[in-house]
Amino acid sequence: MERLDKILAGTGRWSRREVKVLIRAGRVRVNGAVLCSPEEKIDRNATLLVDGEAVNGARFVYLMLHKPAGLLSATEDPRQPTVLELLPEPMRRIGLFPVGRLDKDTEGLLLLTNDGALAHRLLSPKKHVDKVYFVQVDGILDGADVHAFHQGMVLNGTTCLPAGLEVLSPPDQALITLHEGKYHQIKRMLAARGKPVVYLKRLSMGPLTLDPTLSPGGWRLLTPEELASLPMLDS
Ligand code: URA
C-alpha cells in the first residue's frame, strides 16, 4: 500500500503539487472509483486512470543514458553539471540516481534508476556483473598487457580480479571486461602498464548494451525485454 499522490508523482509525469491538484479535482480513478484524497493509501497494483487515461503506476523507473564527457555521474553537485541535468524536469524529481559511476571524462552506458535494491544487487561484488569498455591508449597494447590483465593486476597493494583485454586494430585500441569496479580502475591499470588512457567508453553492463541509436546525452527508458534481462530483479 502506498499513498496515491506518491505513486502518481513516481511516474515522473507530474510534480507532487500537480498530482494533488489532479486528485482533488476528481480527475483520478482508482479501480474505477474517483478518489479525492492525495494521502489515501492504495494498492500498488490498482488500476489508475487520470482523465480516463491509464497510468502506469510502476513504482520504479529504469533508464539508460549515453553519458557524454564533461558531466559528473552524480545526482547533484554545487559546482559541476551532473547527468541528471540531461533529463526533463519531472524526471529529476523522482529520485533517480546513476548505478555506479563513470569518470567525468568517460562516456557511454549509464543506468539510472530509483530502485535502490536493484542498484545494490547490480553493484554487489558477489554478482560479478561484467562491464565492457572500449579504450584508446597512448601506446601499443600487446600480449604482455593481455597477460597482466588476465593475472589480476596489483594496484596500490590490492590485487584486482582477472580482467579481459582484447586488443583491437589499430593496437592502441582495445575492449576491456571488468568484473568489479574499483576507483579509476581502467585508467590505473593502464597507467601501471605505461599506456595511459586517452579515451574511455562503457559499452555494456551485465545484459544491458548501450543503444547505438542514442547519441551522447541521449536517454530512453529500458524496454520490457531489457528489464526482464536483469536477473537481479526477482532475487
Ligand atoms: N575505469 C576508469 O578508469 N574510469 C571509468 O570511468 C570506468 C572504469
Side-chain angles (χ1 to χ4, degrees), residues 63-77 79-87 96-113 118-141 144-168 171-212 214-219 230:
L63 58 93
M64 77 159 65
L65 182 139
H66 186 162
K67 180 192 174 299
L71 297 181
L72 294 185
S73 301
T75 50
E76 54 187 354
D77 187 89
R79 280 173 296 276
Q80 303 189 62
T82 74
V83 290
L84 261 282
E85 287 164 45
L86 296 168
L87 303 179
L96 293 173
F97 59 89
V99 178
R101 282 168 188 267
L102 293 177
D103 296 339
K104 187 177 171 189
D105 57 355
T106 301
E107 298 182 3
L109 175 66
L110 203 54
L111 171 66
L112 278 89
T113 184
L118 172 75
H120 181 74
R121 290 190 291 260
L122 273 170
L123 297 175
S124 159
K126 285 194 211 114
K127 294 281 179 190
H128 296 298
V129 173
D130 289 359
K131 280 150 277 192
V132 179
Y133 296 82
F134 169 83
V135 69
Q136 185 167 9
V137 298
D138 182 5
I140 298 296
L141 296 161
D145 300 313
V146 175
H147 183 70
F149 271 51
H150 186 71
Q151 289 296 106
M153 293 199 53
V154 180
L155 299 175
N156 294 344
T158 306
T159 306
C160 299
L161 291 175
L165 177 66
E166 182 190 336
V167 182
L168 301 173
D172 63 342
Q173 300 180 0
L175 295 177
I176 292 177
T177 305
L178 292 186
H179 312 291
E180 59 186 340
K182 298 191 193 303
Y183 182 65
H184 293 329
Q185 185 165 346
I186 292 179
K187 289 180 185 156
R188 288 162 66 214
M189 290 197 299
L190 286 164
R193 301 294 306 163
K195 299 168 188 181
V197 168
V198 295
Y199 176 77
L200 186 58
K201 177 178 182 177
R202 181 154 68 194
L203 304 178
S204 70
M205 183 172 176
L208 297 180
T209 300
L210 181 63
D211 184 335
L214 285 179
S215 40
W219 64 275
L230 293 176

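These values consider heavy atoms only, across backbone and side chains, with no hydrogens, waters or symmetry-generated copies. Both counts, for ligands and for their atoms, begin at 1 and track the order of listing.
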Quiz item: Does Asp103, backbone or side chain, put an N or O under 3.5 Å from an N or O of ligand 1?
Solution: yes
Quiz item: Based purely on interatomic distance, does Lys187 place a nitrogen or oxygen under 3.5 Å from a nitrogen or oxygen of ligand 1?
Solution: yes
Quiz item: For ligand 1, which atoms, with element, lie under 4.0 Å from some heavy atom of Thr106?
Solution: 4 (N), 5 (C), 6 (O)
Self-check item: Under 3.5 Å donor-acceptor, Lys67 side chain and Asp103 backbone
Solution: yes
Practice problem: Name all residues meeting the side chain to side chain donor-acceptor pair (under 3.5 Å) criterion together with Lys201; count only those two or more places apart in sequence or in a different chain, and write none if there are none. | Solution: none
Practice problem: Measure Val197 to ligand 1 on non-hydrogen atoms and call it side chain, backbone, both or neither using the 4.0 Å cut-off. | Solution: neither
Practice problem: To the nearest 0.5 Å, tell me how far Asp211 CG sits from Trp219 CH2. | Solution: 13.0 Å
Quiz item: When you measure from atom 1 (N) of ligand 1 to every protein heavy atom, which one gives the shortest distance, and what is it?
Solution: Ile186 N, 3.2 Å
Quiz item: Mind checking whether Leu175 and Leu168 have side chains closer than 4.5 Å, heavy atoms only?
Solution: yes
Self-check item: Side-chain touch Leu123/Val99, heavy atoms, less than 4.5 angstrom
Solution: yes
Practice problem: Answer with yes or no whether Tyr133 contacts ligand 1, where contact means a heavy atom under 4.0 Å from a ligand atom. | Solution: yes
